[in-house]
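Every chain is numbered from 1 and lettered A, B, ... according to where its sequence line falls, protein lines coming before strand lines.
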Amino acid sequence: MAKDERFVKQITAKSEDFSRWYLEIIRKAEMADYAPMKGIMVIRPYGYTIWENIQRLMDRRIKETGHVNAYFPLFIPESFLKKEMEHLEGFAPQVAWVTQGGQEELEERLAVRPTSEAIIGSMYAKWIQSYRDLPVLINQWANIVRWEKVTRPFLRTTEFLWQEGHTAHETMEEAQEETIKVLYMYKDFVESELAIPVIEGRKSPRERFAGAMETYAIEALMSDGKALQMGTSHNLGQHFSKVFEIRFEDREQKQQYVWQTSWGVSTRLIGALVMTHGDDSGLRMPPQVAPIQVVVVPISLGSWKENVLPVALAIEKELLEAGLRVKLDAREEFTPGWKFSEWEMRGVPLRVEVGPKDIKENRAVLVRRDVQQKDFVGLAALAPQVKKTLQQIQSSLFEQALRFQRENTRSVSDYREFKEVLESKRGFIRSWWCGDEACEDKIKEETMASIRVIPLKEEAKEDPGDCVYCRKKGRELAYFARAY
RNA sequence: CGGGGAGUGGCGCAGCCUGGUUAGCGCGCCUGCCUUGGGAGCAGGAGGUCGUCGGUUCAAAUCCGAUCUCCCCGACCA
């Protein structure tokens, strides 16, 4: 059996049409389906279980760093949104409005939340009086609506699910520290749970969140060479506290405005999993977030129900007791081969096969989804071996993605080369930038590439080169890419 | 929002140009037999009114108009 041979052709090859491949995986793996309204999808159980796993692992980190969960309203009065004009103008084209309740027209329009800075800010103004009330460290899990013109399942939909943290602090330094702490929390989460390597850094002013003083993000490279923003963390400064009057009496008994942050990751991460790890046979789920970590397939031959099934049941029980998410697929109406393909499409990381031959040898067959490798394992050592293999798959997926990211990150100092790389290879391009928005705009216009992130740690290590566009002295080392 | 393409049983498609009996095909689904170590085989069967609305016509999946949705490219977008 050749390693990269496709057993069954059921989806468009990734290399043939990436976009179509992506959409077909989502439907064949039953992650999501289109709802009958433009740009809105239904997240089906298999996709939603991935989200639940993401939630569970992220929520743990959020709480470990001292935050607590709360829930704020879906509706935001227009006047609240208007208080921070930069913020309103940033979101205006994407806001859905409620103008009528029952038969009555509303006196004031209500926005369906595009994000919650405004409504949360108005509440913080009531809750915060003294430095003793600070910091406020609140997170909420919620749905968000943004009227998007171009939508794609998970990557950009009109309604989506996310988590948004909103914190308030005594000092600018403390808010900045929080912003960066969360950025690295996201990086750690995405790399260790989703097995997706990211580059963390600051956004250029052009890409900054509407109303933020500074925006930071983690960016990943999808396997078609386009970048995807995986999470953002904003230092809001005092923009919102000034307009919402979020004041406190400080240690010197003076009135001060609080310093705020906000940060979020969304169901877009599920799209990133597909585009980072998927192959021509379907999904490849990292074990940490896989809805099913191990599928047990009994080889149904002859009197398998008497001989094979009891062993399969015992294996299922043992793996369940070992704390794994296990599925025994003992359906009679499908052949083993059919089941193999089915679970490969859904990206189940590890498959355990047991058949008559294995039972004679007192063993089972382990098949890794990531590399399609088969190994015989004695039944006595099964559970520990399965656990170990899952860990290997988790790190192997990360390593594969990291290798891809490194191979597709190129340092370029010449604009001609810059354009050439984008045309032929895409990926991240590391270049110096003078800091002038005009250069950034020109580059975007001419190459469709934007500044994804200005790395936090790398700048100091190198002598500045010239701006890749205007040749003036470079001020920032930036990662450029075409992005989703 | 601009340009292009597409909506026909669950999925993928043919039919439309050149209107005319019961709208086909493959996969899937159901029943039975037989099979099962990489999506088995045979036989029988169910399921669509052609995205939606309107118009032309004796007659519309087919022609005309509007509208909704999806896909691709671009503009826009934390």
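- When the P atom of B/G38 is taken as reference, atom CG of A/Asp280 falls 21 Å away, rounded to whole Å.
- Straight-line distance between the P atoms of B/G24 and B/A61: roughly 14 Å, to the nearest whole Å.
- A/Gln94 comes within contact range of the sugar-phosphate backbone alone, with a heavy-atom separation under 4.0 Å but no base atom that close.
- A/Phe244 and A/Phe240 have parallel rings, their planes meeting at less than 30° on a 0 to 90° scale where 60° marks the start of perpendicular.
- Mapping A/Gln229 and A/Met37 onto RNA chain B by nearest heavy atom places A/Met37 closer to the 5' end of the strand.
- If you check residues 349-367 of chain A against RNA chain B, the residues with a heavy atom closer than 4.0 Å are A/Arg351, A/Glu353, A/Gly355, A/Pro356, A/Lys357, A/Asp358, A/Val365, listed by number.
- Taking only distance into account, the side chain of A/Thr335 never meets the base of B/U36 through a donor-acceptor pair shorter than 3.5 Å.
- A heavy-atom distance below 4.5 Å is not found between the side chains of A/Leu221 and A/Thr276.
- Spacing of P atoms, B/G2 relative to B/U62, comes out at 26 Å, to the nearest Å.
- Residue A/Lys187 places its NZ atom among more than 12 non-hydrogen atoms of other residues, nucleotides or ligands, all under 6.0 Å distant.
- As rounded to the nearest Å, B/C33 and B/G37 have C1' atoms that lie 23 Å from one another.
- Backbone-only engagement by A/Gly39 is indicated by non-hydrogen atom pairs under 4.0 Å involving sugar-phosphate atoms exclusively.
- Contact annotation for A/Trp343: no contact, since no heavy-atom pair falls under 4.0 Å across all strands.
- Checking B/G74, B/U36, B/C72 against every side-chain atom of A/Trp304, the shortest atom distance belongs to B/U36.
- If you take NZ of A/Lys226 and C1' of B/G74, they are 12 Å apart, rounded to a whole angstrom.
- Atom CZ of A/Arg152 and atom P of B/C70 are 13 Å apart (whole Å).
- Among the heavy atoms of the strands lying under 4.0 Å from A/Ser300 is at least one base atom, whether or not backbone atoms are also near.
- Tested against A/Tyr216 for a side-chain hydrogen bond (donor to acceptor under 3.5 Å, both in side chains), the candidates A/Arg208, A/Gln176, A/Glu200 yield a single pass: A/Gln176.
- Taking the C1' atoms as reference points, B/G7 lies 6 Å from B/G51, given to the whole Å.
- At least one donor-acceptor pair closer than 3.5 Å links the side chain of A/Ser241 to the backbone N or O of A/Val258.
- Taking the P atom of each, B/G54 and B/G12 are spaced 28 Å apart, rounded to whole Å.
- For the pair A/Arg284/A/Glu344, no side-chain contact is recorded, criterion being any heavy-atom separation below 4.5 Å from C-beta on.
- Side chain to side chain, A/Lys203 and A/Gln229 meet the donor-acceptor criterion of an N or O pair below 3.5 Å.
- Spacing between B/U56 and B/G65 at atom P, rounded to whole Å, works out to 15 Å.
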Worksheet, complete the sentence: In B/S/- notation (B base, S sugar-phosphate only, - none; protein heavy atoms under 4.0 Å), nucleotides 1-11 of chain B written 5' to 3' is -----------
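- One finds no salt bridge joining A/Asp436 and A/Arg475 here, because no Lys/Arg side-chain nitrogen approaches an Asp/Glu carboxylate oxygen to under 4.0 Å.
- With rounding to whole Å, A/Arg482 atom CZ is found 10 Å from B/A75 atom P.
- You'll find the side chain of A/Ser450 stays beyond 4.5 Å of the side chain of A/Arg482, heavy atoms only.
- By the 4.5 Å heavy-atom criterion applied to side chains, A/Leu283 and A/Met31 are counted as neighbours.
- A salt bridge between A/Arg452 and A/Glu207 is present, with a side-chain N of the basic residue lying under 4.0 Å from a carboxylate O of the acidic one.
- Distance noted for atom P between B/U8 and B/C50: 12 Å (whole Å).
- Annotation: B/U21 and B/A6 have their P atoms spaced 26 Å apart (nearest Å).
- One atom, CD of A/Glu24, and another, C1' of B/C13, lie 14 Å apart when rounded to the nearest Å.
- To the nearest angstrom, P of B/G37 lies 11 Å from NZ of A/Lys374.
- Between A/Pro114 and A/Phe334, the residue anchored nearer the 5' end of RNA chain B, judged by the nucleotide with its closest heavy atom, is A/Phe334.
- At least one side-chain heavy atom of A/Ile246 sits under 4.5 Å from a side-chain heavy atom of A/Gln260.
- Looking at A/Arg156, its side chain comes within 3.5 Å of the base of B/C77 through a donor and an acceptor atom.
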Worksheet item: Dot-bracket for RNA chain B, 5' to 3', counting Watson-Crick or G-U wobble pairs under 3.5 Å, with [ ] for crossing pairs and | for inter-strand pairs?
Response: ((((((((.[[[[.)....(...]]]].(((((.......))))).....[[[[[..)....]]]]])))))))....
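- Contact check for A/Arg206 versus A/Ile451: no side-chain heavy atoms found under the 4.5 Å cut-off.
- Annotation: side chain of A/Val365 is in contact with side chain of A/Val367 (closest heavy-atom distance under 4.5 Å).
- Distance, A/Arg331 CZ to B/U35 P: 22 Å, rounded to whole Å.
- Checked against B/C70, B/G38, B/C72, the side chain of A/Tyr34 finds its nearest nucleotide in B/C70.
- Between A/Glu148 atom CD and B/G74 atom C1' there is a gap of 16 Å when expressed in whole angstrom units.
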